[in-house]
Amino acid sequence: MGNWRHEAAEAVGTETAHSGGTEQAAEDEWHDLGPVRDSGDGLVVDLRGTRPGRLLDVRLAGAAGPRDGAAVPVGVRLRRGVLRLDDPGPLPAECDRVWARIAVTDHRASILRELGFAPLADRLATGRPDRAHGDPKRACFLPGVRLIRGGPGSGKTTLLNEAADELARDGFRVLLLTRTEQVLTCVPDQARLTVQQQLADLSAAESRLPELRELLRGFDRGAYDAVRRRIDDQLRADELEQQLTAAQRDYDVAAADLAQARQELRRARTDWAGASDGRRKLTELRALTARLADVDAELARLHLRVERRPYRGKNRDRKALYRTERERDSLRQRIAACGDEAITAERASALDTALSDAHHRLDEAARDESEAYTRVQKLHAKIAQLRSTKPSEQDMRFHAECVRRGLPDRQTEYDDLARASAEQAARRGQLEERLWWLGEGACVATDGPVHRCDTLPHGDANTRFDVVLVDDAGSRPLSEVLAAVGLARHTAVVAGDPDSPQPWLGPELRDEAAVRRWCGATVFTHCGIRTAEDARMHGGCYVLTASRRVSLDRRAADAATTEGADPAETTLRRGHVVVLDTAGEPVRHAGVIASLPRGSAVIAPHRTAAAHWLEAAGRRYDLAIGTARTLHGEEFDAVLVDLVSDDWHARTRAFASATSRAGGTLYLLADAAALASAAPGTPLGRAGEADAEVRPVGDAGVPAPRATTDPAVVTP
């Protein structure tokens, strides 16, 4: 057996090649998991009926893939075939599908080839595990490799989980291969959310363009604008009519003011002209008064000279004095005469001011009257122009329909978006690339202290664990179990049910001895354990006999009690079996689905039948739906097994697994007459021999769903 690693690796390579893959599958390849659906309490992707493998990275993107557009990283939780998405934040409209990078599920070959010192794997490969003694749980804490054989509901998974948690608390590095939910957490990043919001805005604008284009089909913007102008002209003319009335009133007032200003000017001119003689006398009086002042000054000078002592020329001066006195008297007489006829200076100034004011008021009134007249004339002309383009009744109906449908606003929105589309296209590429790199490493697995996964761990093939625990080994290929045990430093425990569905091999590989040995067999058959008696006789295998599941086989329950199982547990194991009799009528899948309680499971014989049940389930994401192989290892309170689509005669192991998934009630959907006539030992024969209650499926054979406020549960 020294070369068993190479032989097993070559067998895995052959199997992988025939399945259409490669030993070193590209882990950066993206897989389309399907469209996103709104369950009412969050976004989900329906993966029921499939086993996608270990998720490494999840993105929301379009149909072209995450590298050809926006790709938004999102945290997810995968449980029982339903992938539930965390809130992704702002989401572009085209990101309506979930894409994932999935770990290589068949990198067994690389691990087997690169195994170094692995004595536990070597011992198990030779079919000689270490001696099993004491408590089965204690085996998880002892050095060596051991097996645990237990039927459905015997507590294998619980035992391994409790041991793994205890070992992790003690500081050991533990690998537990078991059916578990997958959780990826997306680390929040404000920069990424900002880019997502910008892309969401761009996407909304881009998606709006074709929508607007369709809404605007047949809309003539030019014709609408022409009609709109004609209607606006009439509305404007109505407004100008009101302005014309006010302008006409203003003109009448201005014309009255102008007439009054003219009358005042005529009155001022008359008053000014009537005072012309008095104004001349006032001028003459002023001249005489000035002359009188000069004469008085001359008399004073002459008086001073004449009164002196005699001098030559005194007589001449005296004559001049007499002459000046006579002139003075004459001036005084003339001044007195003019004073009676002249007007006062104040009166003359008042008349001048009044005339000037009258001229000024006339100028202002004339200007106001001219402006008011011009405004009236312009309004008349504008109204006449606007009234010349009156819209028709057809124009009014056309305009009203366009407004009712909001076409003008939509056309404006479309024009704005179209102008910005070129710039947005360049900007989108930059944002998408930035979002891609911000999303790298954003999704991280949250395994906790124990590395729990359903398949071999993703990563370096040289990674080692202190303890390796393998669950459901009855359905895992031998090569996978050996590769897992090879990662253990000092302890490995392999648990499973040899009666589980065996690893599946394609028809073209069933004649390949090496492939059949390493990929089609299990660790139990490899170690010679095929029956419960083989397990009890094997020195390296513990046997768990108790069961908490419903069973069709009364003898198996009695045997479990004989072997020391708790009678209370055995009662639960028998559970409640109900045959839903179709009486040979076609099955109404939707009616059966609607009445199943929350958290139930529907197990179909093959993928085609499972697809029919999935279609009927619709938004009932609380239901697990699949085949015995995809739901193997799960436990449900209520399970419905479809015996109508197939008689399971070629799927005896699958039938045993399917009917052992229920912990409380097992429903068998079948024709009761077909069960009664089935050959003993066949799946239908076993169902017919079960101590079961028979109910017509047309009646309320399935209990009504419990009351719930969960919006995700919608019955068809």
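What you see below is based on every heavy atom in this structure, not just the backbone, and it leaves out hydrogens, waters and symmetry mates.
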For [X], all residues meeting side chain to side chain contact (heavy atoms under 4.5 Å, CB included), sequence neighbours excluded:
X	answer
Ser657	Pro501, His632, Arg661
Thr630	Arg51, Thr627
Arg192	Pro73, Cys186, Asp189, Gln196, Leu435, Leu438, Ala442
Asp135	Lys137, Arg138

Name all residues meeting the salt bridge (Lys or Arg N to Asp or Glu O under 4.0 Å) criterion together with [X]; count only those two or more places apart in sequence or in a different chain, and write none if there are none.
X	answer
Arg48	Asp46
Glu94	Arg428
Asp32	Arg97
Asp671	none

Holding to side chain to side chain donor-acceptor pair (under 3.5 Å), I want the full list of residues that pass it with [X], two or more places apart in sequence or in another chain.
X	answer
Gln197	Asp201
Trp613	Asp642
Arg653	none
Glu585	none

Are Glu634 and Arg179 within salt-bridge range, i.e. N to O under 4.0 Å? yes
